[in-house]
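So the structure is just underneath, and the comments pick up after that.
Treat the numbers as computed from the prediction; the structure is a model and nothing was measured.
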Amino acid sequence: MKTALWGFFTPFIIYGIITALHYLIPGRKVTGYVSHVDTGKKLKYRLNGRFVLILSILIWAFLGFFQIVPFEWLYRVRFYSLAGAFFIGLIFTLLIVLPYPPTGKSLPLDLFFGRLDNPQFGEGKIDAKMWLYLSGAILLQLNALSFASYHYISFGSESSPGVFVCTAMITYFIFDYLTFEEVHLYTYDFFAEKVGFKLGWGCLTFYPFFYSISLFTTAHLPDSGKPLWFTLMSIVLFLSGWILARGANMQKFYFKTQPQKSFLRIQPQTLTEGNKRLLINGFWGASRHINYLGEILMAIGITLSVGYPSNIWG
């Protein structure tokens, strides 16, 4: 019962620490793409995600090394922790939606999509969307490290290489995302979506637990004995997806910030309608949302790295 209770409140503690670090650690100040709904001025952001991530990992390592909190704690309480994160996502949704004026849609739609566009708190030190992505990403990282630790503690020299390849892919993905925080200020989530259940519960619950589903479901299993080529294939899929996702996002970022600048020697070509311009070459000439394909390929690579689909889904 005690373990269940502590497990349930674990994400509360982790998100609290992340919030404190994000608020206290100095960050690079940048001007974003979206404008304030009332003033029309471009919103400003403090970007310190990579430093918060590194410090969070160091805290996890410190607690584990000195046997204050076991390295594998997040694996042992994963179901209770998931329940706690689920509850946090629901509470966040209610707090970020209900106190604010309706959009004219039904209450269920307002709860799901949100009412506020880009809420910021603490005199602008905490942007809700940046905080959501940062919190979910770091809990995902800590989950991955804890799940891999449990696997190694359980199997030692008989551990599956795929578990560590999977953990490395997740780690690379998160460090890459938080290194290029400014780029993501120009993505659809920031300029088009409001903050409600979709983003709130999605980042605080779905993101850290579903993205780690491959480790969540296989860390207790011995090496699946898959051949080397299978692991290499998963790495190729992951890197191919990363090239598409990162390449498309970077091309759009340069197009939004420096419209005349080429990217990878690709000079922007556009379709124009009034004041609107649509990028139609390079990554965005191949597909309108090729970055989504990239993210899907990365997810497939991460999933397959731990073994055959039957090992994961039973």
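With sequence neighbours left out, the salt bridge (Lys or Arg N to Asp or Glu O under 4.0 Å) criterion links R78 to no other residue. Applying the salt bridge (Lys or Arg N to Asp or Glu O under 4.0 Å) test to E72 and every residue at least two apart in sequence or in another chain returns R76. Judged as a ring-ring contact (aromatic ring centres under 6.0 Å, His included), and not counting sequence neighbours, the contacts of F86 are W201. For the salt bridge (Lys or Arg N to Asp or Glu O under 4.0 Å) test, no residue two or more places apart in sequence or in another chain qualifies with D189. Partners of K198 according to the side chain to side chain donor-acceptor pair (under 3.5 Å) rule, which considers only residues two or more places apart in sequence or in another chain, are E193. For the salt bridge (Lys or Arg N to Asp or Glu O under 4.0 Å) test, residues two or more places apart in sequence or in another chain that qualify with R28 are E182.
Taking 4.5 Å as the limit, every side-chain heavy atom of I170 sits out of range of all side-chain heavy atoms of L145. In this structure, the side chains of W60 and F71 come closer than 4.5 Å at one or more pairs of heavy atoms. Under the 4.5 Å side-chain criterion, counting only non-hydrogen atoms from C-beta, P259 is in contact with R277. When side chains are defined from C-beta on, L95 does not count as touching P99, because their heavy atoms never get closer than 4.5 Å. Using a 4.5 Å cut-off on side-chain heavy atoms (C-beta onward), L21 and I59 make contact. Put simply, the side chain of K226 reaches to within 4.5 Å of the side chain of S160, judged on heavy atoms. For the pair L90/T93, no side-chain contact is recorded, criterion being any heavy-atom separation below 4.5 Å from C-beta on. Taking 4.5 Å as the limit, some side-chain heavy atom of S56 sits within range of a side-chain heavy atom of I18.
Under a 4.5 Å side-chain heavy-atom cut-off, the cluster of Ile, Leu, Val, Met, Phe, Trp and Tyr residues that includes F155 has no other member. Grouped by direct or indirect side-chain proximity (heavy atoms under 4.5 Å, Ile/Leu/Val/Met/Phe/Trp/Tyr only), I280 sits with L271, L278.
Using bins of under 30°, 30° to 60° and over 60° for the plane-to-plane angle, the ring pair Y177/Y133 lands in the tilted bin. Between F210 and F206, the angle of the ring planes stays under 30°, which puts this pair in the parallel group of the 30/60° scheme. Relative ring orientation between F79 and F216 is described as perpendicular, the plane-to-plane angle rising above 60° on a 0-90° scale split at 30° and 60°. Between F12 and F87, the two ring planes are tilted [angle within 30° to 60°].
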field: R246 and D176: CA distance, side-chain angles, deciding distance, side chain to side chain contact (heavy atoms under 4.5 Å, CB included) verdict
entry: CA-CA 9 Å; R246 174 56 55 211; D176 175 75; 2.8 Å; yes

message: I13 vs W6, test: side chain to side chain contact (heavy atoms under 4.5 Å, CB included). Steps then yes/no.
response: CA-CA 10 Å; I13 297 170; W6 276 110; 4.0 Å; yes

Side chain to side chain contact (heavy atoms under 4.5 Å, CB included) between F263 and F283, intermediate numbers included: CA-CA 10 Å; F263 174 70; F283 290 95; 4.0 Å; yes

message: Using side chain to side chain contact (heavy atoms under 4.5 Å, CB included), reason through Q251 and N281 one step at a time and then give a plain yes or no.
response: CA-CA 10 Å; Q251 185 188 5; N281 69 327; 3.9 Å; yes

message: Pair Y186, F190 - check ring-ring contact (aromatic ring centres under 6.0 Å, His included), show working.
response: CA-CA 7 Å; Y186 293 78; F190 281 84; 9.3 Å; no

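We find the CD1-CG distance between I296 and N291 to be 10.0 Å, quoted to the nearest 0.5 Å. With values rounded to the nearest 0.5 angstrom, S35 atom OG is found 7.0 Å from L43 atom CG. Of the inter-residue distances, the one linking Y292 atom OH with L244 atom CG reads 14.5 Å to the nearest 0.5 angstrom. To the nearest 0.5 Å, the span separating SG on C203 from CZ on F92 amounts to 8.5 Å. Expressed to the nearest 0.5 Å, how far CG of L139 lies from CD1 of I14 amounts to 5.0 Å. Atoms CE and OG, from M233 and S240 in turn, are 11.5 Å apart once rounded to the nearest 0.5 Å.
Contact detail for D223 and P161: the closest heavy-atom pair is OD2-CD, 3.8 Å. Closest of all the heavy-atom pairs between L221 and T217 is CD1-O, 4.1 Å. Scanning all heavy atoms of the two residues, the minimum distance from A245 to M298 falls at CB-CE, 3.9 Å. V195 and P119 make their closest contact through CG2-CD, 3.6 Å (heavy atoms, listed as atom of the first residue, atom of the second, distance).
In the model, K42 has no side-chain atom that pairs as donor or acceptor with a side-chain atom of T31 under 3.5 Å.
Side chain of S135 to backbone of L132: no donor-acceptor contact under 3.5 angstrom is found. Side-chain N or O atoms of S305 include one that pairs as donor or acceptor with a backbone N or O of I302 at under 3.5 Å. With hydrogens and angles disregarded, a donor-acceptor distance shorter than 3.5 Å links the side chain of R46 to the backbone of K125. Between the side chain of T270 and the main chain of T272, no donor-acceptor pair closer than 3.5 Å is present. Between the side chain of T205 and the main chain of A85, a donor-acceptor pair closer than 3.5 Å is present. With E181 contributing its side chain and M130 its backbone, the two residues share no donor-acceptor pair below 3.5 Å. Put simply, the side chain of K129 gets close to the backbone of D117: a donor and an acceptor are under 3.5 Å apart.
Under a hydrophobic clustering in which Ile, Leu, Val, Met, Phe, Trp and Tyr are joined whenever their side-chain heavy atoms come within less than 4.5 Å, directly or via other members, I153 and F62 fall into different clusters. Following chains of ILVMFWY side-chain contacts shorter than 4.5 Å, one can reach I25 starting from L53, so the two form part of one hydrophobic cluster. Linking ILVMFWY residues whenever their side-chain heavy atoms come closer than 4.5 Å, directly or via other members, places I91 and F197 in the same cluster.
No close placement of the F255 and W284 rings is indicated, their centers lying 6.0 Å or farther apart. Aromatic ring centroids of Y172 and W242 lie under 6.0 Å apart.
Pairs engaging residues 136-152 under the side-chain hydrogen bond (donor to acceptor under 3.5 Å, both in side chains) rule: Q141-T171 [sequence neighbours left out]. Sorted by first and then second residue, the pairs that involve residues 8-25 and meet side-chain hydrogen bond (donor to acceptor under 3.5 Å, both in side chains), not counting sequence neighbours, are T10-W73, T19-W131, H22-N48. Note on residues 253-269: pairs passing side-chain hydrogen bond (donor to acceptor under 3.5 Å, both in side chains), not counting sequence neighbours, are Y33-K256. Here side-chain hydrogen bond (donor to acceptor under 3.5 Å, both in side chains) pairs that include residues 100-111, with residues two or more places apart or in two chains, are T103-D110, D110-R115.
Shown are F209, F8, Y75; of these, the side-chain contact (heavy atoms from CB on, under 4.5 Å) with S81 is made only by F209.
With a 6.0 Å radius and a threshold of 12 heavy atoms from other residues, nucleotides or ligands, F180 has its CZ atom above the threshold.
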